[in-house]
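Only heavy atoms go into these numbers, but all of them, side chains included; no hydrogens, no water, no symmetry mates.
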2 protein chains.
Amino acid sequence: MFKLSKKTEYSIIALQYLIKREAQMATVKEIAEKCKIPQPLLAKLLQLLARKQILRSVQGVNGGYRLDQPAAKISVADVLEAVEGPLRMTACGSSSVRCERLSFCDLRQRLAPVQKELITYLQKISLLDF
Amino acid sequence: MFKLSKKTEYSIIALQYLIKREAQMATVKEIAEKCKIPQPLLAKLLQLLARKQILRSVQGVNGGYRLDQPAAKISVADVLEAVEGPLRMTACGSSSVRCERLSFCDLRQRLAPVQKELITYLQKISLLDF
DNA sequence: ATAAAATAAGACTAAATTAGTCCAATATAT
DNA sequence: ATATATTGGACTAATTTAGTCTTATTTTAT
């Protein structure tokens, strides 16, 4: 329970690698080899992080990825959201899901504050102090 | 991310039903129908909860399940652990998993305090105030 | 005693999600 | 131009989760 997905683990590991390299670019290939992450999968993850402005990508020769924000400003919550999508504890609540228990189940409402606290907590942990 | 499994949802819903019924027994069949949960699956879940002394089971005619503890003493963490097994955020750390990144990856150690806080938090939420 | 009503346990199948691959397209420095 | 990168999307494989089925055991009422 609450186990991070491989995607999330890989993302954090790759980010930590990039933090150590500071502003220097690193290619997917390099990161994949050093961190022992399957390269095509890592490529996807770094793309997701770039879309959320956590990383900056440069295409072409001498291209690669580097941090687009100071490490202290990147929260664990940011990474989770970029890679896994919005954090929510119940299946219902996403617009497409209709729940046959709606009439009597108050799980979602009860979980809402828990979820909120959890997110707040994860937002306070940056990749640096984490 | 952090979405509760169906098992967990079903367990909490069933427990809330049992809380409303107070000390009265309810059969798996009854709970399954009222809460719209597949009966054989629910049966498994209630067994897990009974093993952890969250529920008390009585076999035979007129048997069923009832709470084995006051609702206020049952924490969300208890339910999660009973149904999902120990809460841990990394795949490594369970004895059977060997990680090829061990030499340089400190994810597990860094996640340890996060995980601890999370568990502490979930332990403080009972089925009543939740 | 016996039948009926209940949980217990484990093997099994199906569905869904996650992990990982592959390939063609686009961008860029030399 | 060409080599080296990322981009994006479709695809397959593996794993996990959800759900079913069957048989055994326990208990009670008759």
Side-chain angles (χ1 to χ4, degrees), chain A residues 1-11 13-14 18 24-33 35-66 68 80 82-85 88 91 94 96-97 99-101, chain B residues 1-11 13-14 18 24-33 35-66 68 80 82-85 88 91 94 96-97 99-101:
Chain A
M1 190 79 247
F2 290 120
K3 205 178 68 188
L4 300 182
S5 68
K6 285 271 171 64
K7 285 186 192 174
T8 303
E9 287 196 8
Y10 292 162
S11 299
I13 291 169
L18 283 169
Q24 282 179 71
M25 284 272 172
T27 66
V28 175
K29 188 154 175 271
E30 174 191 342
I31 304 171
E33 280 165 5
C35 300
K36 315 222 178 195
I37 297 169
Q39 183 177 326
L41 182 53
L42 178 62
K44 288 281 171 63
L45 298 173
L46 298 185
Q47 276 175 44
L48 294 174
L49 296 171
R51 274 183 211 158
K52 295 278 181 175
Q53 275 83 51
I54 292 169
L55 295 180
R56 163 69 58 94
S57 75
V58 175
Q59 280 184 305
V61 177
N62 299 334
Y65 288 94
R66 60 177 161 76
D68 198 28
L80 288 176
V83 171
E84 307 274 355
R88 64 161 54 96
S94 94
S96 61
V97 180
C99 175
E100 56 178 338
R101 261 170 249 96
Chain B
M1 188 82 248
F2 291 120
K3 207 179 67 190
L4 299 184
S5 68
K6 284 272 170 67
K7 286 186 192 175
T8 302
E9 286 195 6
Y10 291 162
S11 299
I13 292 170
L18 283 169
Q24 281 179 73
M25 285 272 172
T27 66
V28 175
K29 187 153 176 274
E30 175 190 342
I31 304 170
E33 281 166 3
C35 300
K36 314 224 179 194
I37 298 170
Q39 184 176 324
L41 181 54
L42 179 62
K44 288 279 172 64
L45 298 173
L46 299 184
Q47 277 175 44
L48 292 175
L49 295 171
R51 275 184 209 156
K52 295 277 181 176
Q53 275 84 51
I54 291 169
L55 295 180
R56 164 68 57 94
S57 77
V58 175
Q59 282 184 305
V61 176
N62 299 333
Y65 289 93
R66 59 177 161 75
D68 197 28
L80 288 176
V83 171
E84 306 274 356
R88 64 160 56 94
S94 94
S96 61
V97 179
C99 175
E100 55 178 339
R101 261 170 250 96

Calculate the interatomic distance between A/E9 atom CD and C/dT18 atom P; express it in whole Å.
14 Å
Hey, can you pull the residues of residues 24-33 of chain B with a non-hydrogen atom under 4.0 angstrom from DNA chain D?
none
Between B/L46 (CG) and C/dT7 (P), how many Å, whole number?
8 Å
At what distance, to the nearest 0.5 angstrom, does OG of A/S11 lie from CG of A/L48?
7.5 Å
Can you check whether A/S57 has a side-chain N or O nearer than 4.0 Å to OP1 or OP2 of D/dT7?
yes
Return a single string for nucleotides 13-24 of chain D, one symbol per nucleotide in 5' to 3' order, where B is base contact, S is sugar-phosphate-only contact and - is none, cutoff 4.0 angstrom on heavy atoms.
-----SBB----
In whole angstrom, give the distance that lies between atom CD of A/Q47 and atom C1' of C/dC23.
14 Å
Whole angstroms only, please: what is the OH-P distance between A/Y65 and D/dT4?
18 Å
When you measure from the side-chain N and O atoms of B/R51 to the phosphate of C/dA8, is any distance below 4.0 Å, counting only OP1 and OP2?
no
Given side-chain contact (heavy atoms from CB on, under 4.5 Å), test A/R101 with B/Y10 step by step and report yes or no.
CA-CA 11 Å; A/R101 261 170 249 96; B/Y10 291 162; 3.3 Å; yes
Test applied, side-chain contact (heavy atoms from CB on, under 4.5 Å); reference residue, A/Y65; option that passes from A/R56, A/Q47, A/E30:
A/Q47
For the pair made of CG in A/L45 and P in D/dT6, what is the distance, rounded to whole Å?
13 Å
Distance, nearest 0.5 Å, that separates CG of B/L18 from CE of B/M25
10.0 Å
Between P of D/dT27 and CZ of B/R56, the distance in whole Å
12 Å
Respond yes when some side-chain nitrogen or oxygen of B/N62 is under 4.0 Å from OP1 or OP2 of D/dT27, and no when none is.
no
Between SG of B/C35 and CD of B/E9, what distance do you get to the nearest 0.5 Å?
12.5 Å
Looking only at heavy atoms, which two atoms of A/M1 and B/E84 are closest? And how far apart?
SD-CG, 3.4 Å
Between C1' of C/dT7 and CG of B/L48, the distance in whole Å
13 Å
Heavy-atom nearest pair, A/L46 first then A/A14, reads CD2-CB, 4.2 Å
Rounding to 0.5 Å, atoms NZ (B/K3) and OG1 (B/T8) come to a distance of 11.5 Å
Using every non-hydrogen atom in the two residues, find where B/V28 and B/L42 come nearest and quote the distance to one decimal.
O-CD2, 3.8 Å
